[in-house]
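Let me begin by presenting the structure, written as structure tokens, before commenting on it.
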Amino acid sequence: MSHKLILAPSILAGNHINLAESLSIIENSGAHWIHLDIMDGHFVPNLTFGPKAIACLRKISHLYFDTHLMLDNPQNFIKAFADAGSNNITIPVEPTYDIKQTLKAIRELKCECGLSLNPETSEESILPYLDDVDLILVMSVHPGRGGQPFHESVLPKIGTIHQWRKQKNLNFRIEVDGGIDLTTAKACKQEGADVLVSGTAFFAAENKKAFVQAICG
Ligand code: DX5
Ligand code: ZN
């Protein structure tokens, strides 16, 4: 089954002294999702914001909150991010922890659950979890910061995951994150992606409504 293409602007590229203003820029663009990047300084060499910022944004928004955890110990934080108002919580496949149990716990907290894989991580690593996820997040840059160029090498990986989804008759979404602009969005869409995250290109676009339209059209 196919999903309607969704653009999820990342507030990482917004103005962090006025996140509320960045949120309203996203709302006014016509996007239905917002992507919230959470970094711990261990899994990735950077820090961002935490559950309190998300809880404050939740009070002023009806967007779908797509929370992307880039943490070594995501299992310790899912309750905090669910309580803050996340709609989806995505956890990474790379660290060592009980991934199945954490995906299950996210659903028990009434959120949808996602699993991410880094550009150098083989798609085989997510195979054991395909029945247990609402979303697979294919990283198209090394996680940790915005503004990096898209890795073309992940395109076949998107295609493979799309094939698996069809063969297994599953319904999870395929999201791609990093270096998404009008050109790379098209390439991801062709491979079967149905959620595209965009930070730098979205906030740089003069006409954000037109940017969303051009991608989701
Ligand atoms: C990178 C983050 C991305 C980032 C994408 O670690 O996961 O969500 O915001 O930003 P751009 O669009 O600038 O690559
Ligand atoms: Zn992200």
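If you're wondering where the values come from, they're calculated on a predicted model, not measured in any experiment. Just so you know, ligand 1 is whichever comes first in the structure, and atom 1 is the first atom listed for that ligand. Numbers for residues simply follow the sequence, beginning at 1.
Within a 6.0 Å radius of NZ in Lys168, other residues, nucleotides and ligands contribute 12 heavy atoms or fewer.
Heavy atoms from both the backbone and the side chain of Thr200 come within less than 4.0 Å of ligand 1. Within the 4.0 Å heavy-atom criterion, the part of Met70 lying near ligand 1 is the side chain and not the backbone.
Here the protein heavy atom with the shortest distance to atom 14 (O) of ligand 1 is Gly179 N, 2.8 Å. Protein heavy atom at the shortest distance from atom 3 (C) of ligand 1 is Asp177 OD1, 2.9 Å. The protein atom (non-hydrogen) at minimum distance from atom 6 (O) of ligand 1 is Gly144 N, 2.8 Å. For atom 2 (C) of ligand 1, the nearest protein heavy atom (residue, atom name, distance) is Asp37 OD1, 3.4 Å.
Under the 30°/60° scheme for interplanar angles, the aromatic rings of Phe49 and His16 are found to be tilted. Between His35 and His68, the ring-plane angle classifies as tilted under the 30° and 60° cut-offs.
Classification of Lys104 and Asp98 as a salt-bridged pair fails, no side-chain N sitting under 4.0 Å from a carboxylate O. A salt bridge links Arg107 with Asp134; the closest basic N to acidic carboxylate O contact falls under 4.0 Å.
Partners of Lys79 by salt bridge (charged side-chain N to carboxylate O under 4.0 Å, His left out), not counting sequence neighbours, listed by chain and number: Asp83.
Atoms of ligand 1 lying under 4.0 Å from any heavy atom of Gly146, numbered from 1 in the order shown and given with element: 10 (O), 13 (O). Contact atoms of ligand 1 toward Gly178: 14 (O) (distance under 4.0 Å to a heavy atom of the residue). Here is the list of ligand 1 atoms found below 4.0 Å of a heavy atom in Leu12: 4 (C), 9 (O).
At the Zn ion (ligand 2), the angle from ND1 in His68 to NE2 in His35 is 100° when rounded to 10°.
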